[in-house]
Amino acid sequence: MSAFTIVTTSATQGSDAAEVSTLSDDFANESEALGYSRRMAEEMVGMAHQLALDFDYSTVGLYDGDLIDEEVDPTHPAFLGAWVLDEEGVAFVGADEFRDGPDAA
């Protein structure tokens with residue numbers, strides 16, 4: 001089993017605060033961790049629709065390893081990518097593309 005860390009970040013429009021939570025668990029492989037993190041992202045979108053919340057910035061980040069006691073962000077070398085959430089649903093963005101941002105050519 002391989003350890004992976006999942007970090008959820010969610011902010012809603014009109015709020016200056018973001019909620020961040022972190023969990024670390026063992027998965028059979030990266031594919032299983034990716035599937036689990038996608039389900040988390042889809043559940044967050046579903047809850048936002050139920051509560052009539054508009055996303056400002058929300059992601060479910062995936063990191064390789066048990067990093068529960070570390071400060072992690074997309075610049076961390078273990079960052080694999082993130083599910084980016086919006087009203088349309090979820091889309092996975094790999095680490096390089098996420099770090100480059102939407103303005104990269």
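Values in this document were obtained by computation on a predicted structure and should not be read as measured data.
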Student: Would you name the heavy atoms of G89 and V45 that are closest together and state the gap between them?
Tutor: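 Heavy atoms of G89 and V45 come nearest at O-CG2, 4.0 Å.
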Student: Identify the heavy atoms of R99 and P77 that sit nearest to each other, and give their distance.
Tutor: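 Looks like NH2-CA, 4.4 Å.
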Student: For the residue pair F4 and Y36, is the inter-centroid distance of their aromatic rings smaller than 6.0 Å?
Tutor: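 No, too far apart.
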Student: Side chains of L23 and M40: does their closest heavy-atom pair fall under 4.5 Å?
Tutor: yes
Student: Quick check against the 3.5 Å criterion: does Y63 have a side-chain atom that pairs as donor or acceptor with the backbone of D73?
Tutor: yes
Student: Taking all non-hydrogen atoms of both residues, which atom of F98 and which atom of P74 are closest, and how far apart?
Tutor: CE2-CG, 3.3 Å
Student: Would a hydrophobic clustering, with Ile, Leu, Val, Met, Phe, Trp and Tyr connected at side-chain separations under 4.5 Å, put F79 with V20?
Tutor: yes
Student: Going by heavy atoms in the side chains, are W83 and L34 under 4.5 Å from each other?
Tutor: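 Touching, per the 4.5 Å side-chain cut-off.
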Student: Might you confirm whether atom CD of E70 has over 12 heavy atoms from other residues, nucleotides or ligands at distances under 6.0 Å?
Tutor: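 Correct, the count exceeds 12.
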Student: Counting only N and O atoms by type, is there a donor-acceptor contact under 3.5 Å from the side chain of T5 to the main-chain atoms of L67?
Tutor: yes
Student: Specify the closest pair of heavy atoms between A17 and A11, including all atoms of both residues, with the distance to one decimal.
Tutor: O-CB, 3.7 Å
Student: Could you pull out the closest heavy-atom pair between T9 and M44, with the gap in Å?
Tutor: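 Smallest interatomic distance, heavy atoms only, reads O-CE, 4.3 Å.
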Student: Please report the closest heavy-atom contact between D64 and A3, naming both atoms and the distance.
Tutor: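 Reported closest heavy-atom pair: OD1-O, 3.8 Å.
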Student: Thinking salt bridges, do R38 and E42 make one under a 4.0 Å N-O criterion?
Tutor: yes
